[in-house]
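Every value quoted in this text rests on a predicted model; they were computed, and no experiment measured them.
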Amino acid sequence: TNLATSGEPLLPRLHAVWALGQIAEHDKNVLAPLTKLLDDADGRLRSQTAKVFGDVGFAEANDRLVTALADSDAPTQLHAALALGKLRHAPAVGPLFELLKSNADVDPYLRHAAVYALTLLGDADAVAARAEDESPAVRLGALLVQRRRGDRRLVKFLDDAQPAIATEAARAINDLMWDDAMPDLADRLGRHTSQATAESDPLLRRAVYAAYRRGTEADVRASAAGGHAANVPAAERFVNELVESLVASVAGPLQADVIRLATKLAVDFDAAQMLDLVRNVAAPVESRAAALQLLGVRRLSVVDEAAEAA
């Protein structure tokens with residue numbers, strides 16, 4: 001204890017702190033004198049002290065750890081956040097969101113620490129309440145906590161004004177295979193298609209997949225209105241309509257991806273539309289190549305004409 005709190009060089013003091021952390025597995029009281037180290041001039045000592053408090057579960061340091069969330073040293077903030085999560089210190093919820101706000105998504109490690117701590121604290125309602133926060137960093141943090149906890153209220157973020165946050169919500173629903181939330185993702189397809197940008201590509205790809213998986217009766221009626229064959233499965237008929245609308249409304253890599261999806265799924269489509277795309281010398285090469293490949297795979301009568309145009 002004397003060595004840890006002395007004016008000795010850093011390395012011996014760090015080893016003293018780590019040693020006391022091991023001793024504290026049997027007697028946590030030995031850590032009481034170390035709380036003042038959270039005010040030490042050396043950030044490395046402050047951060048390792050916070051880490052030891054969290055690893056051992058030294059709850060007497062809770063208030064000092066909350067203060068350390070505003071430390072000028074990022075590693076100290078990180079270990080203080082993780083420690084508060086491990087200690088299940090409920091009053092830290094607000095300060096952890098303040099950490100997310102002040103970090104403003106600059107340091108991904110700090111964001112992860114705050115998100116992990118909030119996940120451990122388990123106050124789902126307090127997290128959901130931050131969905132309307134004016135800070136994008138706070139909203140993203142709340143979304144990531146909800147993803148970790150499987151909180152379906154995350155669906156609300158599909159309508160976030162920040163494309164990056166809406167995309168992160170789509171990733172959560174799609175990547176974790178939340179079948180009950182897939183319809184919500186599919187419902188956003190029309191809106192995001194009309195506002196398609198390169199930044200929205202990841203969201204659109206997941207929305208297309210969600211719409212394909214859904215294939216509800218409403219989707220069948222919408223597809224039938226477009227004149228699709230009655231003997232085509234419901235989900236496939238829905239994708240037929242999506243292919244035509246998406247190819248016409250998006251460009252670049254996403255357009256090529258949609259055409260490749262149509263090729264892989266062997267869905268019906270307007271061959272003339274693909275032929276026009278192949279002929280369009282102003283269209284991206286990747287899209288024209290994907291359209292030509294689709295026509296070739298289907299062995300349609302226009303494939304020779306398309307090959308000549310390419």
* Measure the spacing between OG1 of T49 and CG of L65 and express it to the nearest 0.5 Å. => 10.0 Å
* Please answer whether the main-chain N or O of D133 pairs with a side-chain N or O of R139 as donor and acceptor at a distance below 3.5 Å. => yes
* Check whether any side-chain heavy atom of R46 lies under 4.5 Å from a side-chain heavy atom of S72, and answer yes or no. => yes
* L96 side chain reached by V115 side chain, heavy atoms, under 4.5 Å -> no
* To do: Spell out, yes or no, whether L110 and V106 are grouped together once hydrophobic residues are joined by side-chain heavy atoms under 4.5 Å, including indirect joins.
  => no
* Taking atom CZ of R44 as the centre, does the number of heavy atoms from other residues, nucleotides or ligands within less than 6.0 Å exceed 12? -> no
* Asked: Can you tell me how far CD of E8 sits from CG of N2, rounded to the nearest 0.5 angstrom?
  -> 10.5 Å
* Asked: Are R171 and E168 close enough, and set up right, to give a salt bridge (charged side-chain N to carboxylate O under 4.0 Å, His left out), and what steps lead you there?
  -> CA-CA 5 Å; R171 286 194 180 102; E168 197 61 42; 3.1 Å; yes
* Structure fact -> Interatomic distance, CG@L143 vs CZ@R148, rounded to 0.5 Å, equals 12.5 Å
* Asked: R153 and D125: salt bridge (charged side-chain N to carboxylate O under 4.0 Å, His left out), yes or no, with the steps?
  -> CA-CA 10 Å; R153 284 177 286 186; D125 290 337; 3.1 Å; yes
* How long is the gap from CG on D123 to CG on L118, to the nearest 0.5 Å? -> 9.0 Å
* For T35 and A32, work out which heavy atoms get closest and say how close. => OG1-O, 3.2 Å
* **Distance-minimising heavy-atom pair for A170 and L158** => N-CD2, 3.7 Å
Run the side-chain donor-acceptor check on residues 76-88: report pairs under 3.5 Å with partners two or more places apart or on a different chain.
| residue | atom | partner | partner atom | Å |
| --- | --- | --- | --- | --- |
| T76 | OG1 | G43 | O | 3.2 |
| T76 | OG1 | S47 | N | 3.3 |
| T76 | OG1 | D73 | OD2 | 2.7 |
| Q77 | NE2 | L69 | O | 2.8 |
| Q77 | NE2 | D71 | O | 3.4 |
| K86 | NZ | D55 | OD1 | 2.8 |
| R88 | NE | L120 | O | 3.4 |
| R88 | NH1 | G85 | O | 3.1 |
| R88 | NH1 | K86 | O | 3.3 |

* Asked: Looking only at atom types and distance, does a side-chain atom of S287 sit under 3.5 Å from a main-chain N or O of A283, one as donor and one as acceptor?
  -> no
* Would you confirm whether N103, through its side chain, and L100, through its main-chain N or O, come within 3.5 Å as a donor-acceptor pair? => no
* Indicate yes or no: at least one non-hydrogen side-chain atom of M177 is less than 4.5 angstrom from one of M182. => yes
* **Least distance between heavy atoms, F157 atom then Q146 atom** => CE1-OE1, 3.2 Å
* Structure fact -> A131 and K156 have their tightest heavy-atom pair at CB-CD, 4.3 Å
* Asked: So, for D27 and V30, which heavy atoms are closest and what is the spacing to 0.1 Å?
  -> O-CG2, 3.2 Å
* To do: For the residue pair T5 and K36, establish whether any side-chain heavy-atom pair is separated by less than 4.5 Å.
  => yes
* **L140 vs Q162 side-chain heavy atoms within contact, under 4.5 Å** => no
* For the residue pair H112 and Y116, does the interplanar ring angle fall in the parallel (under 30°), tilted (30 to 60°) or perpendicular (over 60°) class? -> parallel
* Check for a donor-acceptor pair, side chain of R149 on one end and backbone N or O of T119 on the other, with a separation under 3.5 Å. => yes
* Flag yes if V17 and L11 sit in one hydrophobic cluster, no otherwise; membership is Ile, Leu, Val, Met, Phe, Trp, Tyr, and two members link when side-chain heavy atoms are under 4.5 Å apart. => no
* So how far is it from I165 CD1 to D105 CG, rounded to the nearest 0.5 Å? -> 7.5 Å
* Do the side chains of R206 and D175 get nearer than 4.5 Å, heavy atoms only? -> yes
* **salt bridge (charged side-chain N to carboxylate O under 4.0 Å, His left out) between R13 and D42, worked out** => CA-CA 11 Å; R13 298 180 70 194; D42 196 304; over 6 Å; no
* Structure fact -> Closest non-hydrogen contact found for P12 with P9 is CD-O, 3.1 Å
* To do: Compare all side-chain heavy atoms of V127 with those of F97 and state whether any distance is below 4.5 angstrom.
  => yes
* Structure fact -> So CG of L154 and CG of D184: to nearest 0.5 Å the spacing works out to 10.5 Å
* Going by heavy atoms in the side chains, are V56 and Q22 under 4.5 Å from each other? -> no
* To do: For F58, enumerate each residue passing the ring-ring contact (aromatic ring centres under 6.0 Å, His included) test, keeping only those at least two apart in sequence or located in another chain.
  => F53
* Can you list the steps and then say if E286 with R260 is a salt bridge (charged side-chain N to carboxylate O under 4.0 Å, His left out)? -> CA-CA 10 Å; E286 188 176 10; R260 293 190 191 100; 2.9 Å; yes
* **Candidate pair K101 and R130, rule side-chain contact (heavy atoms from CB on, under 4.5 Å), full reasoning** => CA-CA 11 Å; K101 182 177 181 178; R130 301 287 177 152; over 6 Å; no
